[in-house]
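Below is one structure; the comments refer to it alone.
Proteins come first, then strands; the chains are lettered A, B, ... in the order of their sequence lines, and each starts at number 1.
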Amino acid sequence: MPELPEVETTRRGVAPHIEGQRVVDVVVRNGRLRYPVPDTLPRELIGQRIDCVQRRGKYLLFRTAAGTLIVHLGMSGSLRVVKGGEEAQKHDHVDVVMANGCIVRLRDPRRFGAVLWTVEDPVRHDLIAHLGPEPLDSTFSGDYLFQQSRGKKQAVKLFVMDSQRVVGVGNIYANEALFLAGIRPRIAAGKISQRRYAVLAEAIKSVLAEAITQGGTTLRDFVNGSGQPGYFQQQLKMYGRGGAPCDHCGATIKALRLGQRATYYCPSCQS
DNA sequence: ATGCGGACCTGTTAGC
DNA sequence: TGCTAACAGGTCCGCA
């Protein structure tokens, strides 16, 4: 479900309710997520104050003096703040209860998400240490993509979705960014020019930034920290539109599968 | 080293 | 209407 804009939207929605608050309870209803939720989590987290909520790639980091709660939403996860008394639903697996009565509640039907605890600098955690740059940082550029891609035969769409290259570009926004940049998704990453990578890097930045502004994309069930959907789905030019006419030129949008993921492009606008 | 397919799960939808 | 298969926003692992 969530790509970078959805995770950032979640962070912004949740943070104001809990920053500075102490954790008074942790309820794990089902700890069988992608990795088992550690048994020690309640002992570690209860009593700690949430200093701030940060994001690295698609990971949310709840920082405390004693350590960091790491949350990943996987494919179907959502995190929102509810008031005490709201009954947990079937897939509400983890609650973090704050002193002010707010509950941070993780819902994740497919259980591809993760809830972990680390006492080290989270940036050095195994899952986070090897991530590529943030796409909205100045270190991420066309030149960077160009250098990273030399000699690679991998399709450019899979290349930009590789979190070791750059974080946060999932299936929806990869399709959209390649359309904006006029690049076909199957082209080998190593054969794309520096000039075209400059355009692609800007496309990635602009589509992610705009999606954050719109509160993310809700196709079926994404909700922000307050339970509200996003609106960026109205701006999608390619994703999910196979067989429909391209907004820009009217050509029929092609659909294919790349790396087992749904892929769409305009055969006229993208080359 | 690179790149690909499979695996992890459940819910929803498309198709017969 | 009901059953089955395919598909879904992620990403780690193992194998070629």
Side-chain angles (χ1 to χ4, degrees), chain A residues 1-11 29-37 55-60 70-79 89-94 106-116 125-132 135 148-178 185-191 204 207-208 211-212 214-224 229-236 238-243 255-264:
Chain A
M1 158 222 268
E3 303 184 33
L4 187 148
E6 291 72 40
V7 178
E8 177 62 18
T9 296
T10 298
R11 188 193 70 76
R29 293 183 201 80
N30 185 351
R32 291 159 55 209
L33 303 183
R34 167 154 208 168
Y35 310 102
V37 177
R55 178 187 58 73
R56 175 72 177 100
K58 297 172 190 169
Y59 292 91
L60 288 167
I70 301 175
V71 176
H72 195 287
L73 300 177
M75 201 92 140
S76 60
S78 62
L79 201 62
Q89 305 292 304
K90 185 176 180 184
H91 299 294
D92 291 341
H93 303 313
V94 179
L106 175 71
R107 175 174 299 180
D108 187 5
R110 290 176 75 180
R111 290 191 279 120
F112 287 173
V115 175
L116 299 168
H125 191 276
D126 274 352
L127 291 172
I128 295 173
H130 308 290
L131 297 176
Q148 288 283 307
S149 62
R150 290 311 87 187
K152 296 216 173 292
K153 296 175 184 171
Q154 187 181 33
V156 62
K157 175 164 176 264
L158 301 179
F159 174 74
V160 299
M161 288 176 68
D162 180 349
S163 62
Q164 295 214 15
R165 255 70 247 185
V166 58
V167 296
V169 184
N171 197 36
I172 293 177
Y173 299 112
N175 279 296
E176 296 302 305
L178 287 166
R186 256 187 308 203
I187 304 285
K191 296 183 71 175
I204 289 170
V207 75
L208 294 178
I212 291 170
Q214 300 277 319
T217 296
T218 298
L219 294 182
R220 43 182 50 204
D221 53 11
F222 171 74
V223 290
N224 67 17
Y231 294 97
F232 192 74
Q233 64 276 13
Q234 296 164 19
Q235 319 292 322
L236 297 176
M238 285 292 122
Y239 185 84
R241 300 196 58 235
L256 66 140
R257 290 190 83 74
L258 211 46
Q260 298 154 289
R261 311 303 296 278
T263 302
Y264 307 91

Might you list the N or O atoms of the protein lying below 3.5 Å from N or O atoms in nucleotides 7-10 of chain B, with each pair's distance?
unit_1: B:dC9; atom_1: O3'; unit_2: A:Arg111; atom_2: NH2; d: 2.8
unit_1: B:dC9; atom_1: O2; unit_2: A:Arg110; atom_2: NE; d: 2.9
unit_1: B:dC9; atom_1: N3; unit_2: A:Arg110; atom_2: NH2; d: 3.4
unit_1: B:dT10; atom_1: OP1; unit_2: A:Arg111; atom_2: NH2; d: 2.6
unit_1: B:dT10; atom_1: O4'; unit_2: A:Pro109; atom_2: O; d: 3.4

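- One P atom belongs to C:dA6, the other to B:dG6, and the distance between them is 13 Å to the nearest Å.
- In this structure, NZ of A:Lys157 is placed 14 Å from C1' of C:dT11, rounded to the nearest angstrom.
- Checked by atom type, the side-chain pair A:Thr217/A:Tyr231 shows no donor-acceptor distance below 3.5 Å.
- A donor-acceptor contact under 3.5 angstrom links the side chains of A:Ser76 and A:Asp108, judged on distance only.
- Using a 4.0 Å heavy-atom cutoff across all strands shown, A:Tyr59 reaches sugar-phosphate atoms only and no base atom.
- A straight line from CG of A:Leu116 to C1' of C:dG10 spans 15 Å, rounded to a whole angstrom.
- Within 4.0 Å (heavy atoms only), A:Phe232 reaches no atom of the nucleic acid at all.
- Following rounding to the nearest Å, A:His130 (NE2) and B:dA1 (P) show an atom-to-atom distance of 14 Å.
- Side-chain atoms of A:Arg56 do not come within 3.5 Å of backbone N or O of A:Tyr59 as any donor-acceptor pair.
- The aromatic rings of A:Phe232 and A:Tyr173 sit tilted relative to each other, their planes meeting at an angle between 30° and 60°.
- The side chain of A:Lys58 has C:dG10 as its nearest neighbour among C:dG10, B:dG3, C:dA8.
- Straight-line distance from the CD atom of A:Gln233 to the P atom of C:dA8: 17 Å, rounded to whole Å.
- Rounded to whole Å, atom C1' of C:dG10 lies 12 Å from atom CD of A:Glu6.
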Could you spell out the base pairing of DNA chain B in dot-bracket, with Watson-Crick or G-U pairs whose two distances are under 3.5 Å, [ ] crossing and | to another strand?
.|||||||.|||||||
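- In this structure, A:Arg186 places its CZ atom 13 Å from P of B:dC4, rounding to the nearest Å.
- The A:Lys152 side chain lies nearest to B:dG3 when the options are C:dC12, B:dG3, B:dC4.
- A donor-acceptor pair is defined here as one N or O able to donate and one able to accept, closer than 3.5 Å; no such pair exists between the side chain of A:Gln233 and the backbone of A:Leu219.
- Atom C1' of nucleotide C:dT11 and atom CD of A:Glu3 are separated by 13 Å, given to the nearest angstrom.
- Between A:Leu258 atom CG and B:dC4 atom C1' the separation is 11 Å, expressed in whole Å.
- Of the inter-residue distances, the one linking A:Asn175 atom CG with A:Lys157 atom NZ reads 4.5 Å to the nearest 0.5 angstrom.
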Restricting to nitrogen or oxygen on both sides, can you table the protein-nucleotides 14-16 of chain B pairs closer than 3.5 Å?
none

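- Using modelled atom types, one side-chain atom of A:Arg29 and one backbone atom of A:Asp92 make a donor-acceptor pair closer than 3.5 Å.
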